[in-house]
Structures are given as structure tokens and as C-alpha cells.
Amino acid sequence: VPDVLVHRPRTLEELHLHVEAGNPVMGGGTLLVPRWQREGTPAEVVTLERISVATTASGGYLGATATLAAVAEGPFPAGLRAAARRVATIPVRAQATVGGNLLGWGPRCLLVPLLSLNARARVLGGAGGVIVDLALERAVGERRVLVGVEWRPPLHSTYRRSQRARIGPPEHAVAGALVARSRAVLLRVAVWRAGTVRSASVPAGGNGVLADLVEQLGGVEAWQRHELAEVVAELEDSR
Ligand SMILES: Cc1cc2nc3c(=O)[nH]c(=O)nc-3n(C[C@H](O)[C@H](O)[C@H](O)COP(=O)(O)OP(=O)(O)OC[C@H]3O[C@@H](n4cnc5c(N)ncnc54)[C@H](O)[C@@H]3O)c2cc1C
């Protein structure tokens with residue numbers, strides 16, 4: 001990025017100082033750089049690319065600097081990988097990060113599968129650069145600095161989205177996951193419609209699973225009910 005001083009701190013404490021100084025966090029720059037081209041660049045920005053907790057990833061944890069391409073190809077739940085694969089184009093996915101997807105101003109497609117996994121956010125806390133664990137929706141709503149997201153690996157997960165244009169936000173999306181709890185297996189879903197995400201969970205295998213989910217979601221439109229029914233059937237079949 002021309003004419004911008006890019007800080008790459010190695011510790012959360014240093015990162016916190018930069019954020020406190022008002023320096024914007026930059027991920028892959030796929031949203032920020034076009035905005036700067038229109039509105040002018042800031043003098044300084046800060047990245048998380050040298051902060052180890054923001055760059056590591058495993059089956060149940062994803063650092064905020066992971067690219068969408070890495071998510072699509074990595075050892076992550078199938079629903080999350082499928083969602084990452086459907087965002088934007090190959091060049092954008094190679095650069096765009098998880099942090100920018102969740103905290104930027106795009107449609108946040110990763111939020112749907114992550115909420116179906118009941119993922120938690122690791123965000124930058126107060127002085128000293130402590131990490132705080134928050135519900136993901138709250139972290140997004142409060143526009144916190146995201147360090148990573150964490151979830152309990154599911155038994156199975158899946159994702160569906162529909163869209164008219166090949167590139168751009170979906171008209172709707174549904175994600176589901178089957179998650180083992182100490183005594184039960186839960187079926188969790190998240191649905192996306194017009195920028196709003198809602199989630200619900202019920203014990204798997206019961207009578208009226210679909211109706212219970214629809215009720216918890218506060219109702220869904222007919223075509224979304226169809227996708228939801230497919231997701232529920234796939235999850236139940238995987239048991
Ligand atoms: C052609 C095109 C099609 C697209 N289609 C879709 C789509 O279908 N679905 C979808 O979900 N998205 C879509 N997007 C948006 C895409 O997901 C974002 O461009 C991308 O994820 C942003 O990531 P980035 O790392 O480049 O963010 P940046 O541009 O670096 O940053 C964007 C914002 O996020 C903030 N940010 C970045 N990292 C963090 C962090 N760790 N903590 C807090 N804030 C942070 C920045 O401060 C900035 O405000 C599309 C984008 C393009 C260009």
C-alpha cells in the first residue's frame with residue numbers, strides 16, 4: 001500500500017498500543033484499499049500478521065489473519081470450508097482474511113457457518129493486550145479487534161447458499177452442524193437473509209426437529225424452509 005506506514009507488531013501489547021493510537025487494523029486490504037483510493041489513505045495502519053495467536057489454525061481454531069483461500073482448503077468443518085469457497089473470486093479469496101470478512105462491511109458469509117458451530121470470538125481486550133472470549137455476534141456488533149475464532153469440532157456440518165449473480169452476496173444461506181454434548185447430540189443451524197443472521201439448536205433425532213427449529217428462528221420463508229429441510233435431513237442422515 002503506497003504512502004502508508006504499516007506496523008507489524010509481534011505482541012498483543014504492542015498491537016493494543018497501535019489500536020489505542022487509532023491506527024486501523026488491516027487484513028488483506030480487499031475492502032480497505034479500494035476505500036482508501038476513493039477517500040484517501042490513513043498515515044498508519046496495523047496488521048496482526050506477526051502475532052502468533054492470530055496466525056495459527058487447527059481443526060477447532062482459526063486465527064483472524066487466515067485467508068479465505070486457506071479456510072476453503074484447510075482442515076476445517078465442511079460447512080465453513082464450503083462458505084469460504086463461495087465468497088468472491090479466487091484472487092480476492094487469496095488475499096481476504098477471516099478478520100476482514102467478519103469485521104468488514106461485506107456480507108460476512110463466514111458468520112453463518114461459524115454461528116452454526118456456536119463459535120466464540122477471541123478479541124483484543126484492554127491494556128496489556130489481554131485476549132477476551134466473547135460470543136461471535138457480540139464481537140462483530142461491538143466491532144472488536146478479532147484475534148481468532150474457536151469452536152468445538154462438529155460430528156458433521158454443511159452449508160447451502162443461493163444467489164442470482166455468480167459473484168456477490170447470497171440471497172440467502174443456511175448452515176448446519178451436528179455437535180456432540182455430554183449427554184446429547186445437538187443439531188444447530190444458522191440462517192442468513194438480507195444481512196441478518198439467526199441461529200437455533202435442538203436435540204438431534206427428535207420428533208419435529210424442523211418445526212422446532214423454524215419456531216426458534218421466528219419463522220422462515222418458504223424457499224428458505226426448503227433449504228433448511230435439506231440441511232436437517234443431511235445432518236440427521238450423517239448420524
Ligand atoms: C468482488 C467481491 C465479492 C465479494 N463477495 C462476498 C461474498 O459473497 N460474501 C462475503 O462474505 N464477502 C464478500 N466480499 C467481501 C470479502 O469477504 C471481503 O472483501 C474480505 O473478507 C475482507 O477481508 P480483508 O482481509 O481484505 O479486509 P480489509 O479490507 O483488510 O479490512 C476490512 C475491514 O475489516 C477490518 N478488519 C480486518 N481485520 C480485522 C481484525 N482482525 N479485527 C477487526 N477488524 C478487522 C478492517 O479494519 C476494515 O474495517 C466480496 C468482496 C469482493 C471484492
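Please read these numbers as outputs of a predicted model, since none were measured by experiment. What's counted below: heavy atoms across the whole structure, side chains too, no hydrogens, waters or symmetry copies.
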Rounded to the nearest 0.5 Å, what separation is found between the [atom1] atom of [X] and the [atom2] atom of [Y]?
| X | Y | atom1 | atom2 | result |
| --- | --- | --- | --- | --- |
| Leu114 | Arg108 | CG | CZ | 12.5 Å |
| Trp36 | Leu31 | CH2 | CG | 11.0 Å |
| Arg81 | Thr158 | CZ | OG1 | 12.5 Å |
| Asn101 | Leu110 | CG | CG | 4.0 Å |
| Glu20 | Leu15 | CD | CG | 10.5 Å |
| His156 | Glu236 | NE2 | CD | 11.0 Å |

Going by heavy atoms in the side chains, are [X] and [Y] under 4.5 Å from each other?
| X | Y | result |
| --- | --- | --- |
| Tyr159 | Val231 | no |
| Thr55 | Leu48 | no |
| Val46 | Met26 | no |
| Trp192 | Leu111 | no |
| Leu217 | Val191 | yes |
| Arg120 | Val149 | no |
| Val87 | Cys109 | yes |
| Leu117 | Pro154 | yes |

Within one Ile-Leu-Val-Met-Phe-Trp-Tyr cluster: [X] and [Y], side-chain cutoff 4.5 Å:
| X | Y | result |
| --- | --- | --- |
| Val147 | Leu103 | no |
| Leu186 | Leu115 | no |
| Leu62 | Leu102 | yes |
| Phe76 | Leu155 | no |
| Ile131 | Leu134 | no |

Spell out, as yes or no, whether a donor-acceptor pair under 3.5 Å connects the side chain of [X] to the backbone of [Y].
| X | Y | answer |
| --- | --- | --- |
| Thr97 | Thr67 | no |
| Ser201 | Arg188 | no |
| Thr41 | Val4 | no |
| Gln95 | Gly28 | yes |
| Arg161 | Arg86 | yes |

Practice task
May I have the step-by-step check of side-chain contact (heavy atoms from CB on, under 4.5 Å) for Trp151 and Leu80, ending in yes or no?
Solution key: CA-CA 11 Å; Trp151 60 86; Leu80 181 60; 3.8 Å; yes
Practice task
Tell me, please, whether Trp105 has Arg35 positioned over its six-membered ring: NZ or CZ under 6.0 Å from the ring centre and within 45 degrees of its axis?
Solution key: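 Yes, a cation-pi geometry holds between Arg35 and Trp105.
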Over all heavy atoms of both residues, which pair between [X] and [Y] is shortest? Give the atoms and the distance, please.
| X | Y | result |
| --- | --- | --- |
| Ala190 | Val197 | CB-CG1, 4.3 Å |
| Ala177 | Ser116 | CB-O, 3.5 Å |
| Leu178 | Val185 | CG-CG1, 3.6 Å |
| Pro113 | Ala83 | CG-CB, 3.5 Å |
| Ala119 | Leu136 | O-CB, 3.7 Å |
| Ala69 | Ala94 | CB-CA, 4.0 Å |

Please determine whether the number of non-hydrogen atoms from other residues, nucleotides or ligands lying under 6.0 Å from atom [atom1] of [X] exceeds 12.
| X | atom1 | answer |
| --- | --- | --- |
| Glu44 | CD | yes |
| Glu230 | CD | yes |
| Arg183 | CZ | no |

Handout entry: Pairs meeting criterion salt bridge (charged side-chain N to carboxylate O under 4.0 Å, His left out) with involvement of residues 45-61, two or more places apart
Key =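 For residues 45-61, and leaving out neighbouring residues, the salt bridge (charged side-chain N to carboxylate O under 4.0 Å, His left out) pairs sorted by first residue read Arg8-Glu49.
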Exercise for the section: Mind running side-chain contact (heavy atoms from CB on, under 4.5 Å) on His172 and Glu221 for me, showing each step along the way? Expected result: CA-CA 10 Å; His172 69 281; Glu221 291 167 49; over 6 Å; no
Practice task
Could you walk me through whether Arg138 and Glu142 pass salt bridge (charged side-chain N to carboxylate O under 4.0 Å, His left out), step by step?
Solution key: CA-CA 6 Å; Arg138 182 168 162 203; Glu142 293 179 1; 2.8 Å; yes
Practice task
Report the C-alpha distance between Leu146 and Arg122 in whole Å, list the side-chain angles of each, state the deciding distance to 0.1 Å, and finish with yes or no for side-chain contact (heavy atoms from CB on, under 4.5 Å).
Solution key: CA-CA 6 Å; Leu146 187 75; Arg122 297 260 179 274; 6.0 Å; no
Problem - Pairing of Arg10 and Glu14 as salt bridge, 4.0 angstrom limit - result: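 A salt bridge is absent here (no side-chain N lies under 4.0 Å from a carboxylate O).
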Practice task
Kindly indicate, with the supporting measurements, whether the criterion side-chain contact (heavy atoms from CB on, under 4.5 Å) is fulfilled by Leu124 and Leu12.
Solution key: CA-CA 8 Å; Leu124 189 65; Leu12 290 164; 4.0 Å; yes
